[in-house]
Amino acid sequence: MKNQNILISGAGVAGPALAYWLRRYGFKPTVVERAPAPREGGYAVDFRGASLEVLKRMGILDEVRAVGTDMGDMTYVDSAGRKKASTPPVVFSGELEVLRGDLVSILYERTRHDVEYVFGDYVTEISQHDNGVTVGFERAGRREFDLVVGADGLHSATRALAFGAEERCIRDLGLYVSVFTTANHLGLDHAGRFHNSPGKIAGLYSARENTEAKAMVYFASEPLSYDRHDAEQQRKLLNDAFAGAGWEVPRLLAAAADAPDFYFDSISQVHLDHYSSGRVALVGDAGYCASPLSGMGTSLALVGAYVLAGELAAAGGEYRGAFARYEAEMRSFVRACQKQALDSDKWFVPRTNLMIRARNLSYRLIPYLPWKGIFEKVALKVANAITLKDYQG
């Protein structure tokens, strides 16, 4: 087996999933993560189609199901809290939904005993040569690896070092999102409630058996200039965007001030001509982020990790052919997921009151229409837009 010593940058979902498969096939993965420990908290993530099969092949499907959110309908309300429409669970929650932190914990526990994890450090330098890659770390100095894989998200430092500045590949969709944990002050029972105004949506859904809730806030905007590491500045942008908003929005914004897991970012996609450059490859959001609007981010991470590791194993570690086949297997699936995000943009965050009313009316009519199953079919069609090979390891 060639090129066994592989560095993975990022210990979110894609990184540990890739480490699992690589170790199973006989490689020696090392995972480096900037955070001091596996990240807890986070929003709900869901699985559809092919990603469920990956969980099954990993042997963790039952374990993941055990921490499922069992989410029910999502309800849209007006400024007075009156119900205007609702959507079936599969639209928001897929076929199985869990909190991101719970999934990260499961993946970490499955890999930590036979995979080297380095927390509290990150890659600062990548220098490729004929026999491998010299990697510089902020704290650990330099180390030699055969291959490097960036699994470090939308703003991947690995991608920037090997592919160039992110401005060349990130496409903003004109929206910003904030997610954070708060109290379940509406007493939601495995359900969510959201309020739209033109170009904005705010709401929350229950979590951890209704003992808490996750707030989720989106707003449309021209590109904003801000420090990605300055949470206070981000909270101000959020408050400015929703100034004067009704319903429960002021209470949600107040809760953001004390949220331990406050998250804020643009809704963006990553478009690259290739998912590898020499001995460096990308997986998950780092290589082909479809944005949360696609509902397919976790699926892309899990499927991408499975395919990348499988192709490396099938090629006996010969990375050139493996990286090319990995890209060929993933490309159409990535395109479908990214298109789904574009299609759902105006539907999820309508820009006018007329569009909000039309969307709500459509949802109300679903139970009475002969094609009422169309939402389930649409939601699952993209999720099954790839046929998984049976890699042997």
Side-chain angles (χ1 to χ4, degrees), residues 39-46 69 71-87 89 91-93 97 99-101 173-221 224 226 228 230-267 291-293 295 344-345 347-351 353 356 359-360 363:
R39 296 177 188 269
E40 300 179 351
Y43 46 85
V45 298
D46 51 69
T69 61
M71 192 60 61
D73 291 354
M74 294 290 175
T75 300
Y76 291 91
V77 300
D78 63 16
S79 59
R82 294 171 297 208
K83 178 179 177 180
K84 291 298 179 180
S86 64
T87 62
V91 175
F92 270 92
S93 306
E97 182 186 69
L99 295 181
R100 185 180 185 277
L173 301 188
L175 290 168
Y176 288 83
V177 61
S178 180
V179 182
F180 51 91
T181 301
T182 186
N184 185 9
H185 66 270
L186 294 180
L188 298 172
D189 182 7
H190 297 88
R193 202 166 297 169
F194 292 90
H195 169 62
N196 274 111
S197 57
K200 302 171 188 175
I201 186 170
L204 68 166
Y205 53 89
S206 60
R208 302 204 183 283
E209 296 301 319
N210 304 325
T211 61
E212 63 183 32
K214 301 293 181 178
M216 187 170 70
V217 181
Y218 284 75
F219 66 92
S221 173
L224 298 173
Y226 63 96
R228 289 197 299 108
D230 187 343
E232 286 305 314
Q233 183 186 22
Q234 295 161 22
R235 290 186 181 98
K236 184 178 186 307
L237 291 173
L238 203 60
N239 286 323
D240 290 346
F242 282 87
W247 187 59
E248 298 286 333
V249 177
R251 188 168 182 175
L252 293 180
L253 296 181
D258 301 319
D261 56 352
F262 178 81
Y263 169 85
F264 181 92
D265 207 344
S266 64
I267 296 296
S291 88
L293 290 176
S344 64
D345 177 2
W347 199 249
F348 184 58
V349 191
R351 305 307 199 262
N353 281 317
I356 292 173
R359 190 273 315 277
N360 290 345
Y363 282 154

All ring pair (Phe, Tyr, Trp, His ring centres under 6.0 Å) counterparts of Y218, not counting sequence neighbours = F348
State, to 0.1 Å, how close F180 and A259 come at their nearest heavy-atom pair, and which atoms those are.
-> CB-CB, 3.6 Å
Between F262 and L238, is any pair of side-chain heavy atoms under 4.5 Å apart?
-> yes
Verify, without hydrogens or angle tests, whether D73 (side chain) and T75 (backbone) share a donor-acceptor contact under 3.5 angstrom.
-> no
Between H195 and A202, is there a donor-acceptor pair closer than 3.5 Å when you use the side chain of the first and the backbone of the second?
-> no
Taking the inter-plane angle between the rings of Y226 and F264 on a 0 to 90° scale, is it parallel (under 30°), tilted (30 to 60°) or perpendicular (over 60°)?
-> perpendicular
What's the shortest heavy-atom distance between I356 and S197, and which atoms?
-> CD1-C, 3.6 Å
For N210, what residues pass the side-chain contact (heavy atoms from CB on, under 4.5 Å) criterion, not counting sequence neighbours?
-> N184, D189, H190, S206
Contacts of type side-chain contact (heavy atoms from CB on, under 4.5 Å), residue A191, not counting sequence neighbours | none
The reported gap from CG in N196 to OG in S79 (rounded to nearest 0.5 angstrom) is 12.0 Å
Say whether, by atom type as modelled, one donor and one acceptor occur between the side chain of S178 and the main chain of Y263 under 3.5 angstrom.
-> yes
Is any side-chain heavy atom of I267 closer than 4.5 Å to a side-chain heavy atom of D345?
-> no
Qualifying residues under salt bridge (charged side-chain N to carboxylate O under 4.0 Å, His left out), relative to D261, sequence neighbours excluded | K214
Search all heavy atoms of L204 against all heavy atoms of A213 and return the closest pair with its distance.
-> CD1-CB, 3.6 Å
Starting at CG of L224, measure out to OH of Y176 and round the result to the nearest 0.5 Å.
-> 4.0 Å
Would a distance-only check, ignoring hydrogens and angles, find a side-chain to backbone donor-acceptor pair under 3.5 Å from N239 to A243?
-> no
List in chain and number order the residues that pass side chain to side chain donor-acceptor pair (under 3.5 Å) with R39, two or more places apart in sequence or in another chain; answer none if no residue qualifies.
-> E33
Side-chain (R359) to main-chain (W347) donor-acceptor, under 3.5 angstrom | yes
Go through the steps to decide whether M71 and L188 satisfy the test side chain to side chain contact (heavy atoms under 4.5 Å, CB included), and finish with yes or no.
-> CA-CA 10 Å; M71 192 60 61; L188 298 172; over 6 Å; no
What is the ring orientation for F194 with Y205, classed by angle as parallel under 30°, tilted 30 to 60°, or perpendicular over 60°?
-> tilted
In short, D78 meets W247 closest at the heavy-atom pair O-CD1, 3.8 Å
Pairs involving residues 234-256, ordered by first then second residue, that meet salt bridge (charged side-chain N to carboxylate O under 4.0 Å, His left out) (sequence neighbours left out) | E232-R235, K236-D240
Working to the nearest 0.5 Å, report the span between CG of D265 and CG of L175.
-> 12.0 Å
Donor-acceptor pair, R351 side chain versus V349 backbone, under 3.5 Å?
-> yes
Just wondering, more than 12 heavy atoms not from E40 lying within 6.0 Å of its CD?
-> no
